[in-house]
Chemist: 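Sharing a structure here in structure tokens format.
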Amino acid sequence: MSVQNNKIRVRFAPSPTGYLHVGGARTALFNYLFAHHQGGQFIIRIEDTDQARSTEESLKIILHDLKWLGLEWNEGPDSENLQDRGQHGPYYQSRRLAIYSQYAQKLLQEGKAYYCFLSDEEIEAQRAKAIQDGRPPQVQSPYETWSLEQAQSYMKEKDIKGVVRFKTRSLKKDYVVPDLIRGEVRFPSDMVGDFVLLRSDGMPVYNFCCVIDDALMEISHVLRAEEHLPNTLRQLMIYEACGWNPPAFGHMSLILNEERQKLSKRQGAVSCAEFREMGYLPEALNNFLALLGWSSPQGQEILSMEELIQQFTLDRLNPAGAVFDVKKLKWMNSVYLRALPEQELWQRVEPFLAKANLELPTEMEWRIRALKVFKTSMEVLKDAEELFRPICDKHFFISEEAQEALAWESSPVVLKSWLKNLEARAQDYMTEEEFVALQELVKNESGVKGKHLFMPLRVAVIGKPQGAELKILVPLLNLKSLIHRAQQVLNRY
RNA sequence: GUCCCCAUCGUCUAGUGGCCUAGGACAUCACCCUUUCACGGUGAAUACAGGGGUUCAAAUCCCCUUGGGGACGCCA
């Protein structure tokens, strides 16, 4: 069996033991971009050999988030019914057990692997000793020299099971990984001890399944995070033992937190779901993630998925780790937000408003007008909640910051004039021009101008002295609620 | 501890020996626009970790040091 290098096939292989981390999302994105740029296939494989931690719930979340990001896959589990789709399945490692066992048997028979009966305690003692002696903490199994028959009869006789370890002793001195991102990386083969292929319950372990699957699924390029670089040595050994040509490898830098450590759950949001719930747009998240370790040849910062695909090449990947800068993500999100037509923006904002329990006018015309006013002050969709809340009568309240403006001597005069003139009106909504004229009237009646005029007025409209321009805000409120609000403010005195 | 990776403004980065007096973006600050806030506009400040080589020439190539990170599982 040999890998067909004329066909570009890449994969993203999550283990369903949690949410989709932004680091995973970026790995998936880069694989997706590479595949599409090259006209290749993007495959999802589920690494669920850790049965204790894998859940269907997590699988659903991960697939849902990948879809939310727009990273559709050509082969792998269907995001709806979770059934396999594609010609290289099964795509769940838990359903490929017979395959792994078959290859493990072969290695066992060829003397490239052996059964080992070391206990956890014995292994732990070896590790401790090795570290103490300044050696890498590796297992040195006395069972390495046993023949397969000897081990089998031992298991039968004692009625015990052992793990299958890969034999590294007879291997060549060092291995070179021709890495697409960091050049040739040389590993001495004594860097690893005899590692486990099959657990004692027969379940295979990551490095083993990964090789078998990548080979059988005809994966041409393995693009993954740098933390897997040391695993590559083990995998190269397995490829060799199986007589297969390894795929091309590219190890991408890690995403770091402000302390320059691997980004983890400890410090704030790291899952796609969290960013979605905070109101980040998938296109903004993709764009931001793409710029973590990759740059456009023209230095373009805002790129659509199409542009990313078109411009994406591996040679522009940066080998150094990248700090996840939420401020820049926010900025980018606001750029995408503002670029969205109001009608579409409303669709995205609506679930947030509904969740915040805000009842608002239903006419599309009103919604568009409202969003035109608010979108310059939105960074994330969730910001709409605070922006729309004052518009909603049952959430109207007079804020703390309003006190100063209300305390001005001239304010009651302004407010009384405002209320009187409102009450004289009949029309439900005011136009911008009508409001400007009305404001002029209040100004003349009260003899107050400048901030002493418009600050109390703004308080009478939205309950706080700062916010969008009154002439755009006022036309969003109907007469009844404007009057009611003015009354509430006047009742303060 | 051992092995591996990495190193340009606070952050993301451009830069593949002369175009670098080091460019862009976010953030910061100032000014302009604006009867507030935001948006927008203009501008400022800020970086080649240190030391040795190689070369006519080094941010770019080599070595060392330092710093950071990752990996050393019957996790992936």
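Naming convention: chains lettered A, B, ... in sequence-line order (proteins, then strands); numbering from 1 in each chain. Computed from a prediction, not measured in an experiment: that's the story for all the values here.
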Chemist: Using the P atoms only, state how far B:rC39 lies from B:rA30, rounded to an integer number of Å.
Modeler: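 Taking atom P in both B:rA30 and B:rC39, they lie 15 Å apart.
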
Chemist: Across all strands shown, which nucleotide pairs with B:rU54 by Watson-Crick or G-U wobble geometry, both distances under 3.5 Å?
Modeler: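 Pairing partner: none.
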
Chemist: When we call it a touch if two heavy atoms are under 4.0 Å apart, what does A:Y206 touch: a base, just sugar-phosphate, or nothing?
Modeler: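 It contacts base atoms.
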
Chemist: Distance check, C1' atoms only: B:rG41 and B:rA57, in whole angstrom units.
Modeler: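 Nearest-Å result for B:rG41 against B:rA57 at atom C1': 41 Å.
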
Chemist: Just call it for A:R224: base, sugar-phosphate, or nothing, with non-hydrogen atoms closer than 4.0 Å on any strand.
Modeler: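 Contact class for A:R224: none.
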
Chemist: Quick one: label A:I123 by what it contacts on the DNA or RNA (base, sugar-phosphate, nothing), any heavy atom closer than 4.0 Å.
Modeler: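 No contact at all - A:I123 keeps every heavy atom at 4.0 Å or more from the nucleic acid.
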
Chemist: To the nearest Å, how far apart are A:I255 CD1 and B:rG69 C1'?
Modeler: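 The answer, rounded to whole Å, is 14 Å.
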
Chemist: Between B:rU36 atom P and A:L473 atom CG, what is the distance in whole Å?
Modeler: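 In whole Å, B:rU36 P and A:L473 CG are 15 Å from each other.
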
Chemist: Would you measure the distance from the P atom in B:rA14 across to the matching atom in B:rC6 and give it in whole Å?
Modeler: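 15 Å, rounded to whole Å.
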
Chemist: Please state whether the phosphate of B:rG73, meaning OP1 or OP2, lies under 4.0 angstrom from any side-chain nitrogen or oxygen of A:R127.
Modeler: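 Yes.
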
Chemist: For residues A:S189 and A:M237, determine if any side-chain heavy atom of one lies less than 4.5 Å from a side-chain heavy atom of the other.
Modeler: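 SC-SC contact between A:S189 and A:M237 confirmed.
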
Chemist: Assess whether a salt bridge exists between A:R260 and A:E258, defined as any Lys/Arg side-chain N lying under 4.0 Å from an Asp/Glu carboxylate O.
Modeler: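 Here A:R260 does not pair with A:E258 in a salt bridge, since their nearest N and O are not under 4.0 Å apart.
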
Chemist: Tell me which donor-acceptor pairs under 3.5 Å the side chains of residues 248-255 of chain A have, and how far apart each pair is, sequence neighbours excluded?
Modeler:
{"from": "A:H251", "atom 1": "ND1", "to": "A:D179", "atom 2": "OD2", "distance (Å)": "2.7"}
{"from": "A:H251", "atom 1": "NE2", "to": "A:R224", "atom 2": "NH1", "distance (Å)": "3.2"}
{"from": "A:H251", "atom 1": "NE2", "to": "A:T232", "atom 2": "OG1", "distance (Å)": "3.1"}
{"from": "A:S253", "atom 1": "OG", "to": "A:A320", "atom 2": "O", "distance (Å)": "3.2"}

Chemist: Across all strands shown, which nucleotide pairs with B:rC3 by Watson-Crick or G-U wobble geometry, both distances under 3.5 Å?
Modeler: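 For B:rC3, the partner nucleotide comes out as B:rG70, under the 3.5 Å rule.
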
Chemist: Which nucleotide sits closest to the side chain of A:E469: B:rA76, B:rU36, B:rU2?
Modeler: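 It is B:rU36.
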
Chemist: Which of the following nucleotides, B:rG70, B:rC12, B:rC39, is nearest to the side chain of A:K262?
Modeler: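 Nucleotide nearest to A:K262's side chain: B:rG70.
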
Chemist: Taking atom types as they are modelled, would you say the side chain of A:E401 forms a donor-acceptor pair with the base of B:rU36 within the 3.5 Å cutoff?
Modeler: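 Counting by modelled atom types and ignoring angles, no donor-acceptor contact under 3.5 Å is found here.
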
Chemist: Answer yes or no: side-chain N or O of A:E301 and base N or O of B:rG24 forming a donor-acceptor pair under 3.5 Å.
Modeler: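 When only heavy-atom distances are counted, A:E301 does reach the base of B:rG24 through a donor-acceptor pair under 3.5 Å.
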
Chemist: Between B:rA71, B:rC12, B:rA76, which one does the side chain of A:R199 approach most closely?
Modeler: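 My answer, after comparing the listed nucleotides, is B:rA76.
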
Chemist: How would you label the contact of A:G293 with the nucleic acid (heavy atoms, under 4.0 Å): base, sugar-phosphate, or nothing?
Modeler: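 Result for A:G293 = sugar-phosphate.
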
Chemist: Please measure how far the C1' atom in B:rU60 lies from the corresponding atom in B:rU8, and state the result in whole Å.
Modeler: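 Here B:rU60 and B:rU8 have their C1' atoms 11 Å from each other.
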
Chemist: Have a look at A:R53 and say if it touches a base, only the backbone sugar-phosphate, or nothing, with a 4.0 Å heavy-atom cut-off.
Modeler: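 The residue A:R53 makes base contact.
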
Chemist: Under 4.0 Å, counting only non-hydrogen atoms across every strand here, what does A:R458 touch: a base, just sugar-phosphate, or nothing?
Modeler: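 The answer is base, as A:R458 lies within the cut-off (heavy atoms under 4.0 Å) of a base atom.
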
Chemist: Checking contacts here: which listed nucleotide (B:rA76, B:rC37, B:rU2) is nearest the side-chain heavy atoms of A:N231?
Modeler: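 Shortest atom-to-atom distance from the side chain points to B:rA76.
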
Chemist: By the 4.0 Å heavy-atom rule, please label A:S334 as base, sugar-phosphate, or nothing.
Modeler: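 Nothing, no nucleic acid heavy atom in range.
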
Chemist: Tell me which nucleotide, if any, is Watson-Crick or G-U wobble paired with B:rU11 when both distances must be under 3.5 Å.
Modeler: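 B:rU11 is paired with B:rA25.
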
Chemist: The side chain of A:D50 lies closest to which of these nucleotides: B:rA76, B:rU35, B:rG70?
Modeler: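 The answer is B:rA76, which lies nearest to the side chain.
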
Chemist: Just compare B:rC3, B:rC74, B:rC5 and give me whichever is closest to any side-chain atom of A:E226.
Modeler: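 The answer is B:rC5.
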
Chemist: Specify the residue among A:L329 and A:G162 whose closest nucleotide of RNA chain B lies further upstream toward the 5′ end.
Modeler: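 That would be A:L329.
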
Chemist: Keeping A:N287 on the side-chain end and A:E301 on the backbone end, is there a donor-acceptor pair under 3.5 Å?
Modeler: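 Answer holds: yes.
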
Chemist: Testing the basics here: between A:A273 and A:D65, what is the closest heavy-atom pair and its distance to 0.1 Å?
Modeler: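 It is N-OD2, 3.8 Å.
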
Chemist: Any luck finding a side-chain donor-acceptor pair between A:E307 and A:Q300 under 3.5 Å?
Modeler: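 On atom types as modelled, these side chains qualify, holding a pair under 3.5 Å.
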
Chemist: Checking base pairs now: Watson-Crick or wobble, both atom distances under 3.5 Å. What partners B:rA45?
Modeler: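 B:rA45 is paired with nothing.
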
Chemist: Expressed as a whole number of Å, how far does the C1' atom of B:rC26 sit from that of B:rA47?
Modeler: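 Taking atom C1' in both B:rC26 and B:rA47, they lie 16 Å apart.
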
Chemist: Between A:N333 and A:E379, do the side chains contain an N or O donor and an N or O acceptor separated by less than 3.5 Å?
Modeler: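 Result is no, nothing qualifies.
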
Chemist: Starting the side chain at C-beta, find the nucleotide from B:rA76, B:rC26, B:rA7 nearest to A:P319.
Modeler: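 Closest of the options to the side chain of A:P319: B:rA7.
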
Chemist: Pick the C1' atom in B:rA27 and in B:rU13, then give their distance to the nearest Å.
Modeler: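 Their C1' atoms lie roughly 14 Å apart.
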
Chemist: Using a cut-off of 4.0 Å on non-hydrogen atoms, how would the nucleic acid contact of A:E379 be classed: base, sugar-phosphate, or nothing?
Modeler: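 If one applies the 4.0 Å heavy-atom cut-off, A:E379 turns out to touch nothing in the nucleic acid.
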
Chemist: Please report the distance separating the C1' of B:rU11 from the corresponding atom of B:rU16, rounded so that it comes out in whole Å.
Modeler: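 Looking at atom C1' only, B:rU11 and B:rU16 are 24 Å apart.
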
Chemist: Looking at the side chain of A:V185, which of B:rA71, B:rA76, B:rC5 is the nearest nucleotide?
Modeler: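 Selected nucleotide (nearest to the side chain): B:rC5.
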
Chemist: Round to a whole Å and report the spacing from CD of A:E227 to P of B:rC75.
Modeler: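 Between P of B:rC75 and CD of A:E227: 17 Å.
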
Chemist: Return the value, rounded to whole Å, for the distance between atom CE of A:M332 and atom P of B:rU11.
Modeler: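 It works out to 18 Å between those atoms.
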
Chemist: Give A:G299 one of three labels, base, sugar-phosphate or nothing, depending on what nucleic acid heavy atoms sit under 4.0 Å from its own.
Modeler: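 Contact class for A:G299: none.
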
Chemist: Taking the side chain as every heavy atom from C-beta outward, state whether A:R367 and A:Q343 have any atom pair closer than 4.5 Å.
Modeler: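 No, too far: nothing below the 4.5 Å cut-off.
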
Chemist: From the list B:rC4, B:rC37, B:rU13, which nucleotide is the closest neighbour of the side chain of A:F187?
Modeler: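 Of all the options, the side chain of A:F187 is nearest to B:rC4.
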
Chemist: I want to verify a distance call: between B:rC12, B:rA27, B:rU36, whose nearest atom is closest to the A:F454 side chain?
Modeler: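 Shortest atom-to-atom distance from the side chain points to B:rU36.
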
Chemist: Considering heavy-atom distances to RNA chain B, does A:F324 or A:P297 have its closest nucleotide positioned more toward the 5' end?
Modeler: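 The residue whose closest nucleotide sits nearer the 5' end is A:F324.
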
Chemist: Looking at B:rA76, I'd like to know if its phosphate oxygens (OP1 or OP2) sit under 4.0 Å from a side-chain N or O belonging to A:T49.
Modeler: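 Result: yes.
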
Chemist: A:K328 NZ to B:rU13 C1': how many Å, rounded?
Modeler: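 So the two atoms are 7 Å apart, to the nearest Å.
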
Chemist: Where do A:P204 and A:R199 come nearest, in terms of heavy atoms and distance?
Modeler: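 That would be O-NH1, 2.8 Å.
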
Chemist: Take the protein atom CD1 of A:I472 and the nucleotide atom P of B:rU35, then report the distance between them rounded to whole Å.
Modeler: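 About 12 Å, once rounded to whole Å.
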
Chemist: Taking only the C1' atom of each, what is the distance from B:rG24 to B:rC63 in whole angstrom?
Modeler: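 Approximately 33 Å lies between the C1' atom of B:rG24 and that of B:rC63.
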
Chemist: Just checking A:V323: base, sugar-phosphate only, or nothing, at a heavy-atom cut-off of under 4.0 Å?
Modeler: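 Here A:V323 touches the backbone only, sparing every base.
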
Chemist: Tell me what A:H228 touches on the nucleic acid: a base, only sugar-phosphate, or nothing, going by heavy atoms under 4.0 Å.
Modeler: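 Here A:H228 touches the bases of the nucleic acid.
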
Chemist: Classify the side chain of A:S200 and the base of B:rC74 as holding, or not holding, a donor-acceptor pair under 3.5 Å.
Modeler: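 Answer yes: a donor N or O sits under 3.5 Å from an acceptor.
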
Chemist: Could you check whether A:T376 gets within reach of a base, just the sugar-phosphate, or nothing at all, counting any heavy atom under 4.0 Å?
Modeler: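 Base contact.
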
